[in-house]
Trainee: 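Shown below is the structure under consideration.
Protein chains get the first letters and strands the later ones, always in sequence-line order, with residue 1 at the start of each. Atoms considered below: every heavy atom in the structure, side chains included; atoms not considered: hydrogens, waters and symmetry mates.
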There are 2 protein chains.
Amino acid sequence: MKRKITLKQIARELDVSISTVSKALRNSKEISADTIQKVQAFAKLYNYRPNNIALSLKNRKTNTIGIIIPEIVHHFFSKVIRGVELVANQRGYNVIIGLSNESFSKEVINMEMLANGSIDGFILSMSKETLQQQDYHHYNETMNQGMPIVMFDRVVSDIRCDKVIVDDFNGAKNAVNKLIANKCKSIALITTRDYVSVGKLRTQGYIEALQEHHITPQAELILKMDDTLDYEVHLEKLEAEIEQLFKAHEKIDGVFAVNELYALSAMKVARKLGLNVPEDIQVIGFTDGVLSKHSTPSLTTVSQHAQQMGERAADLLIDKIESEFSTEEEQFQTIVINTELIERESTK
Amino acid sequence: MKRKITLKQIARELDVSISTVSKALRNSKEISADTIQKVQAFAKLYNYRPNNIALSLKNRKTNTIGIIIPEIVHHFFSKVIRGVELVANQRGYNVIIGLSNESFSKEVINMEMLANGSIDGFILSMSKETLQQQDYHHYNETMNQGMPIVMFDRVVSDIRCDKVIVDDFNGAKNAVNKLIANKCKSIALITTRDYVSVGKLRTQGYIEALQEHHITPQAELILKMDDTLDYEVHLEKLEAEIEQLFKAHEKIDGVFAVNELYALSAMKVARKLGLNVPEDIQVIGFTDGVLSKHSTPSLTTVSQHAQQMGERAADLLIDKIESEFSTEEEQFQTIVINTELIERESTK
DNA sequence: GAAAGTCACGAAAACGTTTTCGTGTTAAGA
DNA sequence: TCTTAACACGAAAACGTTTTCGTGACTTTC
């Protein structure tokens, strides 16, 4: 079990100086052809590779980007990671992950852990707790130290940085428009509480679609779930509330749900009540998940292009990292990713 | 936009030496109370944090572990990552990810990228291509350089390292036993080609369960799918083959599938053929996925405890990293994670 | 044959730490 | 008053690179 070989060891073996070895390996014209050949042969034999950490220290650059997300066991986020990793690798960067688990303190700890020189920049999506507490000091402190941040999906306008977001508003609007075009007369919305920006925007899209078609939004048709609990935990509660909603408003013939599970639950309850999807009631969800594709009936859904979000975020971040000129007045971009309505069996 | 402050800057400001600052921050008794107080106050004011990269270089230890997996948009793997991250963070380590995308060359490139000093050890699951080509030189080279490796799930006995695996054999056997106990007389197996070790073991479990109940396994009841294509791509082909199988053997009243999607497809085809699950045909899958829980009917499945696998793998790796004594003859462990049969609606 | 230039290489600094080993000053002991 | 010990601090090395700047030994030029 031998350690990795270093320049110093090569130098000693070949009885030259460290600088000579370093230069020879980089084909410097300061070094004679003889020496270059000798050094390179030796280095190859011992499989020399420059130590990354030493390079990082010297160059004050790690070629690593950090990504902090609330949860990894989640199709949306894992697809974003895939996108980030793809672009990062292509451009010579590694990706280091931190999970906030939707907790403010874990988010802060993770950021501090990585901000001390381990990475060149952050890609992150805020935890629910951070969104609730509206405490953004850790972002600002990190940026003040010259560490660029790109936020995605869950963002707030108070923070000045690059952002990549989904067009939640139009995604929702298009979905509801589709339901209206499909002759739905009474469309329910199943959503979460409003503190997460995306939920709010989707609700607005729903309302505006209705209004544009001269349908008055009715508060009774909007079901707001408390999602501070884990999805799975409050599944029964969810279904019970949906059932109550459906029973109270038998005329409901369309449902727009802000996520996959809510949509699936709606279909499940509908079936239980003897309603056929899509004949009696049509359902559209919002997500990139795997459930939609494989449910029966399969679910029409608003795709978020999660992987593309990750790719764009990574490009944005690396561009910023590599831009030599940090112009005095920084310009921040917000990239909006268009959604796509994927029609499946749950709509006509 | 000021850079992070360093010991040197503090030293200059306070007109003491770097060593004094360093010692003062660590409350060395070499330093007077006065100086300690002064330095710590200044450091706190400027929010000093030691540079991780410098520490890594000095200590020849990065406190980072690398995880290389074939795919991240996958419930099993993302749960493993969650487990790894949980334990790693608790024990003061970061996690850096690499995706092989089931490709041999990407696996090698990723490993080389991380092996050059960036991490202290690897946790990995082999790509399908690596399993097929049976070329393991990169693992051995990495380990020869003193970098510990823990493999999980997809392992081969040729490589001498710590391993965490699922008890695929008994998981499958228990599942089939369950079907037999539930009065299934003709049980089909839907599996993949055999080069992935886990597939082979699950097939063996199936066969042994049958044999122990004096049922002769029939080759015609075993459907081997070519999974070199992406799941989604060959979905129709899968369903067509299952349909053919069911039609050719109408007596089939039980199905054991080696993954979630195969099981779901079996249920889908059954429904199409007018068969009721579980009345006419019972189905069991093998996975930790999300589809099983939310399908209709929900799927009885063999849970792999993916998160626990990640946790155990991380503990194993960190133990090895931190064990000072690299005893001459290294001992390697293989931890077997027991499966658990989760009964849902697809079995009686 | 001396001045100038080329060649091939080495010394040293720098990145930011920690730690070992001095060393000068003061206080205590004889 | 002299020796010794305690105290408080600094210099320097080390981790593994890259790069700038010297510097001898030759070679060329007039």
Trainee: Distance-only, no hydrogens or angles: does the B/S56 side chain make a donor-acceptor pair with backbone N or O of B/N52 under 3.5 Å?
Mentor: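 Flag set: sc B/S56 to bb B/N52 pair under 3.5 Å.
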Trainee: Does C/dA14 have its OP1 or OP2 closer than 4.0 Å to a side-chain nitrogen or oxygen of A/R60?
Mentor: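 No, A/R60 has no side-chain N/O under 4.0 Å of OP1/OP2 on C/dA14.
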Trainee: Classify the side-chain pair B/Q307/B/K79 by whether it contains a donor and acceptor separated by less than 3.5 Å.
Mentor: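 No, B/K79 and B/Q307 have no side-chain donor paired with an acceptor closer than 3.5 Å.
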Trainee: Please enumerate all residues that pass salt bridge (Lys or Arg N to Asp or Glu O under 4.0 Å) together with B/K23, with sequence neighbours excluded.
Mentor: B/E30
Trainee: Scan A/T35 against the nucleic acid and name what it touches under 4.0 Å (heavy atoms): base, sugar-phosphate only, or nothing.
Mentor: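 Here A/T35 touches the backbone only, sparing every base.
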Trainee: Does B/L7 reach a base, just sugar-phosphate, or nothing at all? Heavy atoms under 4.0 Å.
Mentor: base
Trainee: If you define the side chain from C-beta out and look only at heavy atoms, does anything of A/Y93 sit under 4.5 Å from A/D120?
Mentor: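 Sidechains of A/D120 and A/Y93: in contact.
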Trainee: Please determine if B/K128 and B/E107 form a salt bridge, counting it only when a charged side-chain N lies under 4.0 Å from a carboxylate O.
Mentor: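 Salt bridge flag = no for B/E107 with B/K128.
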Trainee: Centre-to-centre under 6.0 Å for A/F104 and A/H138, is that the case here?
Mentor: yes
Trainee: Can you say whether a donor on the side chain of B/S19 sits under 3.5 Å from an acceptor on the base of D/dA11, or the other way round?
Mentor: yes
Trainee: Please state how far atom CG in A/N116 lies from atom C1' in C/dT17, giving the value in whole angstrom units.
Mentor: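 Atom-to-atom, A/N116 to C/dT17, this comes out as 13 Å.
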Trainee: Examine D/dT18: is either OP1 or OP2 under 4.0 Å from a nitrogen or oxygen in the side chain of A/S22? Give yes or no.
Mentor: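 A/S22 to D/dT18 OP1/OP2: side-chain N or O found under 4.0 Å.
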Trainee: Sugar-phosphate means primed atoms, P, OP1 and OP2; the rest is base. With that split, encode nucleotides 21-26 of chain C 5' to 3' as B, S or - using protein heavy atoms under 4.0 Å.
Mentor: B-----
Trainee: Write down the distance between CD (B/Q9) and P (C/dA14), rounded to a whole number of angstrom.
Mentor: 14 Å
Trainee: Rounded to whole Å, please give me the gap between CZ in B/R12 and P in D/dG10.
Mentor: 15 Å
Trainee: Round to the nearest Å and state the distance from A/I31 atom CD1 to D/dT18 atom C1'.
Mentor: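 Roughly 13 Å, once rounded to whole Å.
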Trainee: Quick one: do B/R91 and B/D319 make a salt bridge, cutoff under 4.0 Å?
Mentor: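 B/D319 and B/R91: salt-bridged.
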Trainee: Kindly point out which of C/dT19, C/dT17, D/dT17 is positioned nearest to the side chain of B/A54?
Mentor: C/dT17
Trainee: Is any side-chain N or O of B/K8 closer than 4.0 Å to OP1 or OP2 of C/dC15?
Mentor: yes
Trainee: Over all strands shown, is A/S32 touching base, sugar-phosphate only, or nothing at heavy-atom distances under 4.0 angstrom?
Mentor: sugar-phosphate
Trainee: Rounded to whole angstrom units, what separation is found between the NZ atom of B/K58 and the C1' atom of D/dC15?
Mentor: 6 Å
Trainee: With the criterion being N/O to N/O and under 3.5 Å, what pairs connect the protein with nucleotides 23-26 of chain D, and how long is each?
Mentor:
none

Trainee: A/Y48 vs A/Q40, test: side-chain contact (heavy atoms from CB on, under 4.5 Å). Steps then yes/no.
Mentor: CA-CA 9 Å; A/Y48 170 78; A/Q40 293 195 350; over 6 Å; no
Trainee: Salt bridge between A/E311 and A/R82, side-chain N to carboxylate O under 4.0 Å?
Mentor: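 A/R82 and A/E311: not salt-bridged.
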Trainee: In this structure, how many angstroms lie between the P atom of D/dC15 and the CG atom of A/L55, rounded?
Mentor: 16 Å
Trainee: Measure the distance from NZ on B/K61 to P on C/dT17 and round it to the nearest whole Å.
Mentor: 18 Å
Trainee: Expressed as a whole number of angstroms, how long is the span from B/I53:CD1 to C/dT17:C1'?
Mentor: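 B/I53 atom CD1 is separated from C/dT17 atom C1' by 12 Å.
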Trainee: Would you tell me if any nitrogen or oxygen in the side chain of A/R26 comes within less than 4.0 Å of OP1 or OP2 on D/dT19?
Mentor: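 Yes, A/R26 has a side-chain N/O under 4.0 Å of OP1/OP2 on D/dT19.
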Trainee: Looking at A/H305 versus A/F76, is the centre-to-centre ring distance below 6.0 Å?
Mentor: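 For A/H305 and A/F76, the ring centres are not under 6.0 Å apart.
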Trainee: Given C/dA11, D/dT17, C/dC15, identify the nucleotide with an atom nearest to the side chain of A/L57.
Mentor: C/dC15
Trainee: Of the nucleotides C/dT17, D/dG10, C/dG10, which one has an atom closest to the side chain of B/T20?
Mentor: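 Among C/dT17, D/dG10, C/dG10, the one nearest the side chain of B/T20 is D/dG10.
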